[in-house]
Amino acid sequence: MPETSPVIVWIRRDLRLSDHAALHAAGQAGRPVIPVFIRDHTVDDLGAAPKWRLGLGVGHFAETLAAKGSRLVLRAGPAREVLEQLVDETGAGAVWWQRAYDPASVERDTAVKSALKDRGIDAQSFAGHVLFEPWTVETKQGEFYKVYSPFWRAVHTRDVAEPLPAPDRLPAPESWPESDALDDWRLGEAMRRGAAVVRPWVQLGEEAAQARLGGFMSGKIGAYKDGCNAVAEDGTSNLSENLALGEISPAQCWHAGLRAQEAGKEGAETWLKELVWRDFAYHLLWHTPHLPESNWRPEWDGFPWNEDERRKEVIAWKRARTGIPFVDAGLREMYVTGRMHNRARMVVASYLTKHLMCHWKIGLEWFEDCLIDWDPASNSLGWQWTAGSGPDAAPYFRVFNPITQRERFDPDADYVRRWIAEGQRNPPETALAYFDAIPESWAMSPEDDYPEPVVGADEGRKAALAAYENRDF
DNA sequence: AGCTTATTGTG
DNA sequence: ACAATAAGC
C-alpha cells in the first residue's frame with residue numbers, strides 16, 4: 001500500500017518553488033502537501049532589517065503557493081512543539097525540509113529530527129542551501145579547508161546537480177490546519193520608518209530573483225572581473241538579497257555561471273568564485289560553529305580591541321559620520337538600501353577594526369541589524385577576515401586606506417556623491433533619503449557641515465600597526 | 001581581497 | 001620626474 005498521509009514541508013530560508021528538493025519530492029509523492037513556516041527563536045533573534053525582509057519574503061511566498069492552489073501555514077513557537085502539534089492535527093506521516101548550516105539551526109534541526117523519528121514520523125532533510133555539503137569537502141589529510149584557494153581548487157570542477165523544476169502540483173490536504181496571520185507577527189516592527197525608505201530597493205521573490213540572474217547573465221557578467229569593484233556602477237548580480245532567503249538557489253546561479261563561462265564570458269569565473277566564497281563561509285561555519293561568536297584564532301583574544309559601543313568612534317561609524325567619505329557612503333548605502341557594495345563592506349570593516357580599533361563583533365551586529373541580505377556565514381567570515389582573527393584572514397598589516405580605495409574604485413566620486421548630502425548644493429535623492437531613514441535622535445541634517453575625520457586614514461593605520469607591535473602573540 | 005617606503009629602471 | 005618592482009609591515 002502506498003503511503004497516503006500528508007507530507008509537511010517545513011519552509012525556512014528557501015522561499016522558492018524551483019530547485020527545492022523537499023518540495024519537489026513532496027510533489028512527486030502523490031500525497032497531500034502542507035507547507036509550513038515557523039516563527040521560532042531563529043526568527044525572533046534576527047536584526048531589524050533581515051527580520052523585516054523575511055516577513056516580506058514569507059508573505060510573497062505564501063501568495064506564490066496560493067497561486068498554485070496550495071497555502072503556507074504560519075505557526076509560532078519552538079519548532080519541535082509546533083511540528084509535533086501539526087502532525088497530530090493533520091495526521092501527517094512525514095516532515096521534510098531543506099538543511100541549514102548555522103549553529104542555531106543545526107542544533108534545532110537535530111533535536112527536531114530525533115523527536116519526530118521517535119514518533120515514527122518520516123523526518124528527512126535535503127540539500128540545497130549550499131553547492132557542496134560541508135562534510136563532503138576534505139583535504140588529503142581528511143580535514144576541513146581553512147584556506148580559500150585550495151577549497152576552490154577542490155570543488156570548482158565538481159558536478160553540481162542540475163536544478164530541479166518547480167513541482168507541477170502540490171495537492172492540498174482535505175482540510176487546512178489553522179494559520180497565524182502574518183501581519184500579527186509584526187516582523188517589520190523594529191524597522192520603523194526605515195522600512196519605507198528601503199522598500200523601493202527590495203526585489204522580492206523567486207521571479208524577481210530569476211529576472212536578476214537573467215539580466216546579469218545577458219549583461220554585466222562579461223565585465224564582472226573589474227566591474228565587481230566599481231562601486232558607482234551597478235556591476236554586480238545583486239542576488240545576495242535573494243540568495244540569503246533562498247528565493248534563488250546557489251545551484252541555479254552556478255549553472256547559469258557555467259553556461260556564461262562556456263559562452264566565453266570573461267567575468268564568469270570571477271563570479272563563480274564569489275559563489276564558492278559563499279560556500280566556503282558555510283563550510284567553515286559548519287566545521288567551526290564559533291565563527292560568529294569568538295575569534296577563530298584564539299590568540300586574538302588578547303588584542304586590545306575596543307568593545308564599548310558608547311565610544312564616540314563607534315557612534316560616528318554607525319551613524320555614518322566618520323568624516324571619511326568612502327566609509328560614510330558605504331554605511332549610508334546600507335541604511336538606505338539594506339545592502340552595501342562588497343568593496344565598500346571591506347573598507348568600512350577595515351576602518352572599524354583597524355583605524356578605530358573596535359571589535360569586529362560590533363560591526364557584525366550592526367550589519368545584522370541593517371542588512372536585508374544578512375547571511376550568518378558570509379558575514380561572520382567577512383568580519384573575521386577583515387579583522388585578521390579569522391581563517392585565511394587578511395594579515396594584521398593589510399590595512400585598507402579608505403582614501404586611496406576611493407580613488408581607485410570610485411575615481412569620479414560618483415558613489416560618494418550619491419550617498420553623502422553634506423556639502424552638496426543639490427544633493428541627489430539617494431543622499432537625502434538617508435535622513436528620512438535615520439532616527440531623529442541622531443540629530444543629523446543634510447545642511448550640516450561634513451565632519452572632520454574621527455580618525456584620519458594615516459594616523460589610524462599607524463595606531464593599528466603600533467597596537468599589533470605590542471601584541472603578545 | 002593592501003599600503004608604504006626604498007630601490008631600480010626609464011626618458 | 002616618474003613608473004615599475006621588491007620587501008617589510
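Keep in mind the model is a prediction, meaning the values are calculated, not measured. Within every chain, numbering begins at 1; the chains are lettered A, B, ... in the order of the sequence lines, protein sequences first and strands thereafter.
- In this structure, A:Arg406 places its CZ atom 17 Å from P of B:dG2, rounding to the nearest Å.
- Separation of atoms CE (A:Met340) and CZ (A:Arg332) is listed at 12.5 Å; rounding is to 0.5 Å.
- Atom C1' of nucleotide B:dG2 and atom CZ of A:Phe409 are separated by 10 Å, given to the nearest angstrom.
- Within 4.0 Å (heavy atoms only), A:Thr386 reaches no atom of the nucleic acid at all.
- Within the 4.0 angstrom heavy-atom criterion, only backbone atoms of the sugar-phosphate kind lie near A:Arg343; the bases stay farther away.
- Taking atom CG of A:Asn470 as the reference point, atom P of C:dC9 lies 15 Å away to the nearest angstrom.
- Rounded to a whole Å, the CZ atom of A:Phe326 is 14 Å from the C1' atom of B:dG2.
- For the pair A:Arg398 CZ and C:dG8 C1', the interatomic distance rounds to 14 Å; values are reported in whole Å.
- Of the residues A:Leu15, A:Leu204, A:Leu245, the one that meets the side-chain contact (heavy atoms from CB on, under 4.5 Å) test with A:Phe61 is A:Leu15.
- Residue A:Arg461 contributes atom CZ, which lies 12 Å from atom P of C:dC9 at whole-angstrom precision.
- Using a 4.0 Å cut-off between charged side-chain N and carboxylate O, A:Asp373 and A:Arg345 make a salt bridge.
- In this structure, A:Gln405 atom CD and B:dG2 atom C1' are separated by 7 Å, rounded to whole Å.
- In this structure, A:Lys146 satisfies the cation-pi test against A:Phe144, with its NZ or CZ atom closer than 6.0 Å to the six-membered ring centre and inside 45 degrees of the ring normal.
- Close to B:dG2, at under 4.0 Å from its OP1 or OP2, lies no side-chain N or O of A:Ser350.
- Taking atom CG of residue A:Leu465 and atom P of nucleotide C:dC9, one finds them 10 Å apart after rounding to whole Å.
- A:Tyr468 comes within contact range of no nucleotide atom at all, as no heavy-atom separation falls under 4.0 Å.
- Contact annotation: A:Arg408 reaches the phosphate of B:dC3 (side-chain N/O to OP1 or OP2, under 4.0 Å).
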